[in-house]
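Let me begin by presenting the structure, written as structure tokens, before commenting on it.
Residue numbers count from 1 along this sequence. When a ligand or atom number is given, it counts from 1 through the structure's own listing order.
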Amino acid sequence: MDCIFCKIAQGELPSTKVYEDEELLAFKDINPVAPVHILVIPKKHIVSLATIEAQDADMLGRMMLTIRDIATEQGLDENGYRVLSNHGPDSGQIVDHLHYHILGGRKLGPIG
Ligand code: 5GP
Ligand code: ZN
């Protein structure tokens, strides 16, 4: 499958890893829009939130806990941070592999 994030998850393309376990990977965004800009992905190919299935619920729950832990490790918990996931053209999704952005380290503007 020609998916850039699958290739990163499988180690076929390089990334600056922040966290990795059997089912999840977190790495720095190649084009950061904030001092901390980390992407968290499932290693399994899922296109977006719009295509998650009930069988993914446990993994997705662990993903949320991992996002929280990464944000804390990055020192963002006191001043705050933003977590977002895009689906489809109106959102500006450019990589069709589910990912959450963790953004922080500066005062962020309004959403939208
Ligand atoms: P979205 O699909 O939610 O719009 O965002 C995709 C994000 O992936 C963008 O912020 C973009 O900078 C990032 N990105 C795209 N290709 C790569 C890559 O090869 N490596 C890394 N680390 N980030 C990437
Ligand atoms: Zn993929």
Heavy atoms only: which of Lys7, Gln93, His99, His37 lies closest to atom 5 (O) of ligand 1? His99

State if Ile8 counts as touching ligand 1 under the rule of any non-hydrogen atom under 4.0 Å. yes

Examine the proximity of ligand 1 to Tyr100 and report which part, side chain or backbone, both or neither, has a heavy atom under 4.0 Å away. neither

Salt bridge present between Asp2 and Lys7 (N-O < 4.0 angstrom): yes

So is Ser15 close enough to ligand 1, meaning a heavy atom under 4.0 angstrom away? no

Option with minimal heavy-atom separation from atom 7 (C) of ligand 1, where the choices are Asp29, Ile4, Val95: Asp29

Please work out, at 4.0 Å between heavy atoms, whether the side chain, the backbone, both, or neither of Lys28 comes within that distance of ligand 1. backbone

Check ligand 1 against Ile94 and write out every atom of the ligand that is under 4.0 Å from a heavy-atom position of the residue. 1 (P), 2 (O), 4 (O), 5 (O), 6 (C)

Give, for atom OG of Ser85 and atom CE of Met63, the distance between the pair rounded to the nearest 0.5 Å. 7.5 Å

What atoms of ligand 1 come within less than 4.0 Å of a heavy atom belonging to Phe27? 21 (C), 22 (N)

For Asn86, counting its heavy atoms only, list the atoms of ligand 1 lying under 4.0 Å from any of them. 1 (P), 3 (O), 4 (O)

Can you list the ligand 1 atoms lying under 4.0 Å from a non-hydrogen atom of Leu39? 8 (O), 13 (C), 23 (N)

Given a cut-off of 2.8 Å, the protein N, O or S atoms lying below it from the Zn ion (ligand 2) are Cys3 SG, Cys6 SG, His45 ND1, His97 ND1

Listed once per pair and sorted, the ring-ring contact (aromatic ring centres under 6.0 Å, His included) pairs that draw on residues 28-80, sequence neighbours left out: His37-His101, His45-His97

Derivation of the side-chain contact (heavy atoms from CB on, under 4.5 Å) call for Phe27 and Val18: CA-CA 5 Å; Phe27 53 96; Val18 174; 5.5 Å; no

